[in-house]
Asker: 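Right, I'll just put the structure down here and ask away after.
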Amino acid sequence: MLGSVILMQLSSSIIRDGTQSMLVFAGEIDLATVPECSDMLTKFVDDHAGSDIAVDMRQVTALDDTGVGVILGAVARARTSGSHLALVIDDQHMRARFGI
């Protein structure tokens with residue numbers, strides 16, 4: 001037997017509550033999923049320009065340096081578009097990766 005390969009995927013959903021919207025990620029944000037993550041974040045930020053928005057990362061199971069960079073890039077993109085992007089993170093180690 002050669003062994004098994006487990007492929008972790010990244011999924012997302014958008015939750016809307018009145019005028020507020022949140023992008024929820026589940027899975028791994030790493031080198032393999034960064035292109036997909038970046039596309040989702042760019043569309044989410046652009047679609048909600050000028051609004052207060054959030055990215056929920058409580059279901060993210062792994063986050064590498066490329067993922068951190070993509071998330072920080074989305075925060076900067078949101079600021080440029082007049083939005084405020086909040087990160088929802090309950091894992092202390094992950095919070096430390098963002099300096100929060």
Side-chain angles (χ1 to χ4, degrees):
M1 183 171 179
L2 295 174
S4 59
V5 176
I6 299 173
L7 297 175
M8 294 302 294
Q9 296 181 354
L10 179 65
S11 64
S12 69
S13 58
I14 296 175
I15 298 172
R16 291 184 178 88
D17 184 14
T19 61
Q20 296 191 342
S21 295
M22 181 180 329
L23 176 61
V24 180
F25 282 122
E28 297 181 356
I29 301 176
D30 58 16
L31 189 59
T33 60
V34 156
E36 180 183 0
C37 177
S38 179
D39 290 347
M40 288 183 237
L41 282 166
T42 298
K43 180 168 178 22
F44 181 68
V45 169
D46 290 350
D47 288 351
H48 297 89
S51 302
D52 289 341
I53 53 178
V55 174
D56 185 337
M57 298 181 57
R58 292 177 289 184
Q59 297 177 58
V60 172
T61 56
L63 178 70
D64 70 6
D65 290 342
T66 57
V68 171
V70 166
I71 300 294
L72 293 176
V75 171
R77 184 180 188 91
R79 283 186 190 141
T80 301
S81 71
S83 298
H84 176 262
L85 191 152
L87 298 178
V88 181
I89 305 170
D90 60 1
D91 179 86
Q92 195 61 24
H93 177 69
M94 196 175 297
R95 290 173 63 95
R97 306 249 3 236
F98 290 100
I100 53 175

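The structure displayed is predicted, hence computed values, not measured ones.
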Asker: CD1 of I29 to CE of M94: how many Å apart, nearest 0.5 Å?
Answerer: 7.5 Å
Asker: Can you hop from L41 to L31 via hydrophobic side chains spaced under 4.5 Å?
Answerer: no
Asker: Side-chain heavy atoms under 4.5 angstrom apart, residues restricted to Ile, Leu, Val, Met, Phe, Trp, Tyr: same cluster for L72 and V55?
Answerer: yes
Asker: Taking side chain as C-beta onward, heavy atoms only, is R16 less than 4.5 Å from H48?
Answerer: yes
Asker: Looking at every non-hydrogen atom in both residues, tell me the closest pair between L23 and F44 and how far apart they are.
Answerer: N-CZ, 3.5 Å
Asker: Give the C-alpha distance, both sets of side-chain angles, the deciding distance and a yes or no for side-chain contact (heavy atoms from CB on, under 4.5 Å) between I89 and I100.
Answerer: CA-CA 9 Å; I89 305 170; I100 53 175; 4.1 Å; yes
Asker: Measure the shortest side-chain to side-chain distance between D30 and T33 over non-hydrogen atoms and say whether it is less than 4.5 angstrom.
Answerer: yes
Asker: Is there any salt bridge (Lys or Arg N to Asp or Glu O under 4.0 Å) pair reaching into residues 46-62, and which pairs are they, with sequence neighbours excluded?
Answerer: K43-D47, D46-R77, D56-R58
Asker: For residues H84 and I53, determine if any side-chain heavy atom of one lies less than 4.5 Å from a side-chain heavy atom of the other.
Answerer: no
Asker: Write down the atom of E36, the atom of L10, and the distance for their closest heavy-atom approach.
Answerer: OE2-O, 3.2 Å
Asker: Please name the pair of heavy atoms, one in A74 and one in V45, separated by the smallest distance, quoted to 0.1 Å.
Answerer: O-CG2, 4.0 Å
Asker: In the single-linkage hydrophobic clustering (I, L, V, M, F, W, Y; side-chain heavy atoms under 4.5 Å), do I14 and M57 co-cluster?
Answerer: yes
Asker: Evaluate side-chain contact (heavy atoms from CB on, under 4.5 Å) for M22 paired with D17, printing each intermediate quantity in order.
Answerer: CA-CA 9 Å; M22 181 180 329; D17 184 14; over 6 Å; no
Asker: Under a 4.5 Å cut-off applied to non-hydrogen side-chain atoms, are F98 and L63 in contact?
Answerer: yes
Asker: Hey, are the side chains of C37 and F25 touching, using non-hydrogen atoms and a 4.5 Å cut-off?
Answerer: yes
Asker: If Ile, Leu, Val, Met, Phe, Trp and Tyr residues are connected whenever their side-chain heavy atoms lie under 4.5 Å apart, and connections chain through other members, are V68 and M40 in the same group?
Answerer: yes
Asker: Quick one, T66 and V70 - any side-chain contact, counting heavy atoms below 4.5 Å?
Answerer: no
Asker: Do D90 and R95 come close enough that some side-chain heavy atom pair is under 4.5 Å?
Answerer: no
Asker: On a heavy-atom basis, which atom in V34 and which in G67 lie closest, and how many Å separate them?
Answerer: CG2-N, 3.8 Å
Asker: Please find the pair of heavy atoms, one from S83 and one from G50, that lie closest to each other, and give the distance.
Answerer: OG-N, 2.9 Å
Asker: Is it the case that one hydrophobic cluster holds both V24 and I71, taking links as side-chain heavy atoms less than 4.5 Å apart, direct or via other members?
Answerer: no
Asker: Grab the two heavy atoms, one from L87 and one from L85, that are nearest each other, plus how far apart they are.
Answerer: CD2-CD2, 3.6 Å
